[in-house]
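Just below is one structure, and these are the notes that go with it.
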Amino acid sequence: VTPALAVTLLTPQPTATDTPQPIPTTSPQAFLQLAEQARLNRDDAQAQALFEQARALLPADDPNRTLAQFKLGQIALANNDLAQAGDIFRELGNSTIISSVLRTQAQVRLGQVLRESGDTTAALGQFNLVLLDSQVISPYLHLWIGELYLSSNQPLSAVVPLQNAIALAPSVSTEF
């Protein structure tokens with residue numbers, strides 16, 4: 001063996017390595033779109049997982065993060081997870097970084113959660129609180145308050161809210 005050939009054979013050669021594959025990333029907006037599609041398909045488990053992924057990727061002050069949180073509350077309420085739904089809607093109802101419309105919706109949902117959990121007194125308080133801030137849905141709030149009084153065997157207390165529900169109804173069909 002010639003010396004030049006021996007040196008060539010003994011020189012370490014770089015070993016071949018696999019090119020690292022890019023890690024797939026998905027934008028929070030893509031997760032939100034996929035989550036909405038899963039909800040349309042009535043796949044609450046998939047929608048919940050996707051909304052949670054989107055929420056984790058979004059900054060705390062991003063409106064889409066609070067929207068994802070609201071959707072998680074809706075899923076919890078639809079699945080009768082009243083404790084989880086109540087926690088989410090209570091947090092959103094007290095938030096100062098969300099729109100007033102979404103805050104009102106969260107406060108109404110909290111009232112629904114309290115009603116569903118059988119806490120009539122808290123539900124009445126919650127619906128009355130929303131009534132102070134929102135006239136848009138006041139006929140419904142008055143109706144729900146009247147129904148709560150009726151379910152609590154307080155028909156005299158139900159009269160005024162039910163009359164208000166009829167008086168404030170925006171159309172004849174709503175009055176009915």
Side-chain angles (χ1 to χ4, degrees), residues 26-154 157-158 160-162 164-165 168-170 174:
T26 304
S27 72
Q29 287 69 27
F31 281 123
L32 290 171
Q33 289 174 345
L34 291 170
E36 287 295 345
Q37 187 61 48
R39 284 207 64 207
L40 288 174
N41 294 334
R42 299 180 187 247
D43 187 352
D44 283 349
Q46 181 69 20
Q48 180 179 2
L50 291 165
F51 279 127
E52 286 173 352
Q53 286 177 309
R55 187 180 61 172
L57 294 172
L58 291 163
D61 61 347
D62 190 311
N64 285 321
R65 181 183 172 119
T66 54
L67 183 60
Q69 180 122 356
F70 183 82
K71 300 286 185 164
L72 287 168
Q74 287 181 310
I75 292 169
L77 182 57
N79 290 317
N80 208 33
D81 186 351
L82 300 179
Q84 179 71 21
D87 289 345
I88 291 171
F89 292 133
R90 189 172 288 108
E91 179 183 333
L92 290 173
N94 293 326
S95 176
T96 57
I97 63 169
I98 65 173
S99 71
S100 61
V101 171
L102 192 58
R103 183 177 23 263
T104 298
Q105 289 178 8
Q107 291 171 337
V108 168
R109 295 296 191 288
L110 178 58
Q112 292 171 332
V113 166
L114 294 167
R115 180 183 61 200
E116 293 297 315
S117 66
D119 192 344
T120 302
T121 304
L124 282 168
Q126 185 64 32
F127 287 143
N128 278 307
L129 176 70
V130 177
L131 194 55
L132 294 174
D133 292 335
S134 176
Q135 297 304 311
V136 175
I137 62 168
S138 63
Y140 298 103
L141 291 166
H142 285 293
L143 175 63
W144 297 333
I145 290 167
E147 289 174 342
L148 284 166
Y149 280 126
L150 288 175
S151 70
S152 298
N153 200 25
Q154 299 177 47
S157 296
V160 171
L162 292 175
N164 286 338
L168 295 170
T174 307

To the nearest 0.5 Å, what is the distance between [atom1] on [X] and [atom2] on [Y]?
{"X": "Asn128", "Y": "Ile145", "atom1": "CG", "atom2": "CD1", "answer": "4.0 Å"}
{"X": "Gln37", "Y": "Leu50", "atom1": "CD", "atom2": "CG", "answer": "11.0 Å"}
{"X": "Leu124", "Y": "Gln154", "atom1": "CG", "atom2": "CD", "answer": "7.5 Å"}
{"X": "Leu110", "Y": "Leu129", "atom1": "CG", "atom2": "CG", "answer": "9.0 Å"}
{"X": "Leu58", "Y": "Leu67", "atom1": "CG", "atom2": "CG", "answer": "10.0 Å"}
{"X": "Leu102", "Y": "Gln107", "atom1": "CG", "atom2": "CD", "answer": "10.0 Å"}

Note, [X] side chain near [Y] side chain (heavy atom, < 4.5 Å):
{"X": "Leu92", "Y": "Ile98", "result": "yes"}
{"X": "Ser99", "Y": "Pro63", "result": "no"}
{"X": "Leu162", "Y": "Leu150", "result": "yes"}
{"X": "Phe51", "Y": "Glu36", "result": "yes"}
{"X": "Leu32", "Y": "Lys71", "result": "no"}

>> Show every side-chain hydrogen bond (donor to acceptor under 3.5 Å, both in side chains) that has at least one partner inside residues 46-65, sequence neighbours left out.
In response: Gln48-Glu52, Arg55-Gln69

Heavy-atom pair with the smallest gap, counting every atom of [X] and [Y]:
{"X": "Pro139", "Y": "Pro170", "answer": "CG-CD, 4.2 Å"}
{"X": "Ala123", "Y": "Leu148", "answer": "CB-CD1, 3.8 Å"}
{"X": "Ala106", "Y": "Gly93", "answer": "CB-N, 3.9 Å"}
{"X": "Ala85", "Y": "Gly73", "answer": "CB-O, 3.7 Å"}
{"X": "Gly146", "Y": "Pro161", "answer": "N-CB, 3.8 Å"}

> How far apart are the C-alpha atoms of Leu114 and Arg90, what are their side-chain angles, what is the distance that settles it, and do they pass the side chain to side chain contact (heavy atoms under 4.5 Å, CB included) test?
Replying inline: CA-CA 11 Å; Leu114 294 167; Arg90 189 172 288 108; 4.1 Å; yes

>> Any side-chain to backbone donor/acceptor pair from Ser95 onto Glu91? Under 3.5 Å, distance only.
In response: no

> Which residues pass the side chain to side chain donor-acceptor pair (under 3.5 Å) test with Arg103, sequence neighbours left out?
Replying inline: none

>> Using the rule given for side chain to side chain contact (heavy atoms under 4.5 Å, CB included), can you reason through Arg39 versus Ile75, listing the C-alpha separation, both sets of side-chain angles and the distance that settles it, and then say yes or no?
In response: CA-CA 9 Å; Arg39 284 207 64 207; Ile75 292 169; 3.8 Å; yes

>> Here's a test for you: under ring pair (Phe, Tyr, Trp, His ring centres under 6.0 Å), which of Tyr149, Trp144, Tyr140 qualifies with Phe127?
In response: Trp144

>> More than 12 heavy atoms of other residues, nucleotides or ligands under 6.0 Å from CG of Asn41: yes or no?
In response: yes

